[in-house]
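Naming: A, B, ... by sequence-line order, numbering from 1 per chain.
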Amino acid sequence: MKTLGREFYNRDSLIVAKELLGKVLVHEIEGQRISAKIVETEAYMGVEDKAAHSYGGKRTPRVEVMYGGPGFSYVFMIYGMYYCFNIVTREEGTPQAVLIRAAEPIEGLELMAQNRFHKAYNQLSKSQIKGLTNGPGKLCRALLIDKGLNGEDLCGLKLYVGAGENEPLSIISAKRIGIDYAGEAKDFCWRFYIEDNHYVSVK
DNA sequence: GGCACGATAGGCT
DNA sequence: GCCTATCGTGCCC
């Protein structure tokens, strides 16, 4: 499967967020592969976006990777127990990113089941199967993405995004989740998801 | 099915 | 000392 190159990410973050839908997030770990189709994303538009960690040009060690070039991971801890995985977009100096909110498991189902529930895949209930990767914290658990992968180059061999099937998709735009503090920006429809997909976190 | 609530720790003021 | 780009559980329909 072809891997997305640097220039894919060096574009308008809203376009990247939409075009990431249907692509395949892959984590190669200890000779095994875990992969999942991206079904829900959110764009964070940087210095002018009150919901973005880089709003107003805020520049701290945590957000530093967003100020670098496109195609790197931005992983942060949230609520003390979960991670969120983002992909940095735009050229160096423009701190924008796309949050990956949900995905549909493809390869490594047994690993995902262990990582999430410490059970074999065929022992999972229906709701556990759906819960494997239908949220930003959940998919990080399932794919073993943590702060050790912050700043990882997605044009490498460990963590990357494959082109997938290139199937036609029906894309829904909606308000982003969990940003009530962000003033008028909380109502911007910068969340995108594949219509009718089972693994979307919020419909 | 939906809603309320608590867990938990790093990041920043 | 406060806040957070979340999730699981318990409870009540």
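- Nearest-nucleotide positions on DNA chain B for A/M81 and A/K147 put A/M81 closer to the 5' end.
- For the 3.5 Å distance criterion, the side chains of A/Y199 and A/E40 fail to qualify, holding no donor opposite an acceptor.
- Pairing for C/dC7 goes to B/dG6, judged as Watson-Crick or G-U wobble with the two contacts each under 3.5 Å.
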Could you go through the ring-ring contact (aromatic ring centres under 6.0 Å, His included) check for A/Y83 and A/F85 one step at a time?
CA-CA 7 Å; A/Y83 293 101; A/F85 169 67; over 10 Å; no
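- The partner of B/dG11 is C/dC2, by the rule that a Watson-Crick or G-U pair needs both atom distances under 3.5 Å.
- In this structure, A/Y83 atom OH and B/dT8 atom C1' are separated by 12 Å, rounded to whole Å.
- Taking only side-chain nitrogens and oxygens, A/R101 comes nearer than 4.0 Å to OP1 or OP2 of C/dT6.
- A cation-pi arrangement is found for A/R62 relative to A/F76, the charged atom lying closer than 6.0 Å to the ring centre and inside a 45° cone about the ring normal.
- For B/dA9, the base is not stacked against the aromatic ring of A/Y79, per a cut-off of 5.5 Å between centres and 30° between planes.
- Between C/dA5, C/dG8, B/dG10, one nucleotide has an atom nearer to the side chain of A/M77 than all others, and that is B/dG10.
- The side chain of A/K58 places no N or O atom within less than 4.0 Å of a non-bridging phosphate oxygen (OP1 or OP2) of B/dG11.
- Distance, A/F117 CZ to C/dG8 P: 6 Å, rounded to whole Å.
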